[in-house]
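Here the structure is laid out as structure tokens; the discussion comes afterwards.
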Amino acid sequence: MFKRILLLPIFVLLALVSKPAPVSGQALLPYTLQLDAEELEQQGLNLAQDAVQLTRFQQYDLALSRAKLATQLAPNSFETWFILGTLYVQNQQFDEGIEALSKAQSLKPEEAGVLFSLGNTYFQKQEYRKAVSSLEAGLKIEPEVPEALFDLGNAYYMLDQYPMAIAAYEKAADQEPSDTWPVWPAINNIGLVNYEQGNVASAIDKWQAAIAIDPEAAEPKLAVAVALYTQGEQDRGLTLGETALRSDERYADLEFLKENLWGERLMSDTQKFLANPRIQATIAPGNNAPVQVDVTP
């Protein structure tokens, strides 16, 4: 068990040691403090743990400062760099995050979680090939991580490598996690791929499957609504679209849909759908009463 030390006294003593020893006779020799590297490393790990706790209370600035200090106290610990990199990414500082995560990866090359975080960060930077490379490297170590498989599917999708994207999404959906994430999003995104390929019927089937898994999910409801509306089933599509948008108005924002990887074909059809007066009335301020509708064919 590591010994624990208080952080503040260390820096007070370090400041004292850094000053020249006072001259007070030949009998007095300067004292040199011997710091225990093991204790410093443990203190760094403690600070990293504090940083993680602070993020749970959304104290991100404090968490980041502690994480930075943790890497100074424990520079050879991959955990401190991993936590610092994750905090940078959470703060949208992607370059700094990649630098810290790369340091963590160099310290522990076989840590799949670091590679998954790197892949996710590269994806957010829109460097999709690098995202694929990092995610696949991590999946070679831990091949059944649904979140990483989902990210891999997204990266392949953005590279227009549709068969690879569908294969990754299917693996993500087959991992049977403890909750619905990322099962319904993976199935939903297979629908997005199908729609861009012109397979509208297959896309609708996937979106309805996603709704069956999570009946509260607004995204697949709106996607089905747009598809039905575009195919001529306008009243049914509008009614379902009203349900989706009343549960989550963010999906009326085209930029939000783009961030959720809606492709050009679906975005074009959605823009027409959102222009319908009934939908415009639905997304008007204050109009949020729920509407129930059967989404089965």
Side-chain angles (χ1 to χ4, degrees), residues 116 119-120 122-124 126 128-129 131-132 134-136 138-139 142-231 233 236-237 240-241 243-245 247-248 250-251 254 256-271 273 294-297:
F116 295 151
N120 182 277
Y122 281 127
F123 183 88
Q124 293 187 68
Q126 301 181 12
Y128 303 121
R129 295 192 186 280
V132 166
S134 294
L135 290 165
E136 287 188 334
L139 286 164
E142 293 186 20
E144 297 182 354
V145 178
E147 294 85 359
L149 288 163
F150 179 71
D151 283 350
L152 180 62
N154 288 343
Y156 275 128
Y157 176 36
M158 298 307 293
L159 291 170
D160 296 332
Q161 297 184 28
Y162 295 149
M164 299 293 286
I166 289 176
Y169 288 140
E170 288 176 341
K171 288 182 182 178
D174 287 342
Q175 296 308 307
E176 299 183 2
S178 59
D179 54 28
T180 60
W181 178 266
V183 176
W184 82 255
I187 294 173
N188 176 83
N189 283 16
I190 295 174
L192 296 180
V193 175
N194 288 336
Y195 201 90
E196 291 309 296
Q197 292 179 307
N199 300 326
V200 178
S202 296
I204 291 175
D205 286 344
K206 292 299 181 183
W207 291 327
Q208 288 173 334
I211 295 168
I213 294 170
D214 187 352
E216 301 302 316
E219 181 174 354
K221 288 180 184 177
L222 181 61
V224 172
V226 172
L228 292 174
Y229 182 86
T230 303
Q231 288 189 318
E233 298 186 57
R236 187 168 169 228
L240 181 56
T243 301
L245 294 173
S247 65
D248 193 338
R250 293 177 301 169
Y251 286 95
L254 293 174
F256 182 76
L257 296 176
K258 186 177 179 181
E259 291 172 0
N260 280 272
L261 308 188
W262 285 37
E264 292 182 5
R265 183 192 296 267
L266 185 55
M267 287 285 286
S268 177
D269 292 341
T270 302
Q271 193 165 7
F273 177 82
D294 182 8
V295 300
T296 58

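For clarity, every value in this text was computed on a predicted model and none was experimentally measured. We number each residue from 1, following the sequence as shown.
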Donor-acceptor pair, side chain of [X] and main chain of [Y], under 3.5 angstrom:
{"X": "Glu196", "Y": "Leu266", "result": "yes"}
{"X": "Ser247", "Y": "Ala244", "result": "yes"}
{"X": "Lys221", "Y": "Pro215", "result": "yes"}

Can you measure from [atom1] ([X]) to [atom2] ([Y]) and round to the nearest 0.5 angstrom?
{"X": "Asn154", "Y": "Leu261", "atom1": "CG", "atom2": "CG", "result": "5.0 Å"}
{"X": "Asn188", "Y": "Tyr169", "atom1": "CG", "atom2": "OH", "result": "9.0 Å"}
{"X": "Arg250", "Y": "Asn260", "atom1": "CZ", "atom2": "CG", "result": "7.5 Å"}
{"X": "Gln124", "Y": "Asp151", "atom1": "CD", "atom2": "CG", "result": "9.0 Å"}
{"X": "Trp207", "Y": "Ser202", "atom1": "CH2", "atom2": "OG", "result": "10.5 Å"}
{"X": "Thr243", "Y": "Ile211", "atom1": "OG1", "atom2": "CD1", "result": "10.0 Å"}

* Please assess Tyr156 against Leu152 for the test side-chain contact (heavy atoms from CB on, under 4.5 Å), listing each intermediate value before the final yes or no. => CA-CA 6 Å; Tyr156 275 128; Leu152 180 62; 3.5 Å; yes
* Heavy-atom side-chain contact between Leu222 and Val226 under 4.5 Å -> yes
* Asked: With a 4.5 Å limit on heavy-atom distance, are the side chains of Gln197 and Asn194 in contact?
  -> yes
Compare every heavy atom of [Y] with every heavy atom of [X], then report the nearest pair and how far apart it is.
{"X": "Gly237", "Y": "Ala225", "answer": "O-CB, 3.2 Å"}
{"X": "Ala155", "Y": "Ala131", "answer": "CB-CB, 4.2 Å"}
{"X": "Ala173", "Y": "Val183", "answer": "O-CG2, 4.0 Å"}
{"X": "Ile187", "Y": "Ala210", "answer": "CG2-N, 4.1 Å"}
{"X": "Ala168", "Y": "Leu149", "answer": "CB-O, 3.6 Å"}

* Asked: Any idea how Tyr251 and Trp262 line up, ring-wise: parallel (<30°), tilted (30 to 60°), or perpendicular (>60°)?
  -> tilted
* Return the orientation label for the Tyr162 and Tyr157 ring planes: parallel under 30°, perpendicular over 60°, tilted otherwise. => tilted
* Residue pair Glu219, Leu192: steps toward the side-chain contact (heavy atoms from CB on, under 4.5 Å) verdict -> CA-CA 11 Å; Glu219 181 174 354; Leu192 296 180; 4.2 Å; yes
* Would you say Glu259 has more than 12 foreign heavy atoms packed within less than 6.0 Å of its CD? -> yes
* Is the CD atom of Gln231 crowded by more than 12 outside heavy atoms at less than 6.0 Å? -> yes
* Kindly indicate, with the supporting measurements, whether the criterion side-chain contact (heavy atoms from CB on, under 4.5 Å) is fulfilled by Tyr122 and Leu135. => CA-CA 10 Å; Tyr122 281 127; Leu135 290 165; over 6 Å; no
* Can you tell which of Ile204, Ile190, Thr230 makes a side chain to side chain contact (heavy atoms under 4.5 Å, CB included) with Tyr195? -> Thr230
* Under 6.0 Å between ring centres, would you say that holds for Phe123 and Tyr128? -> yes
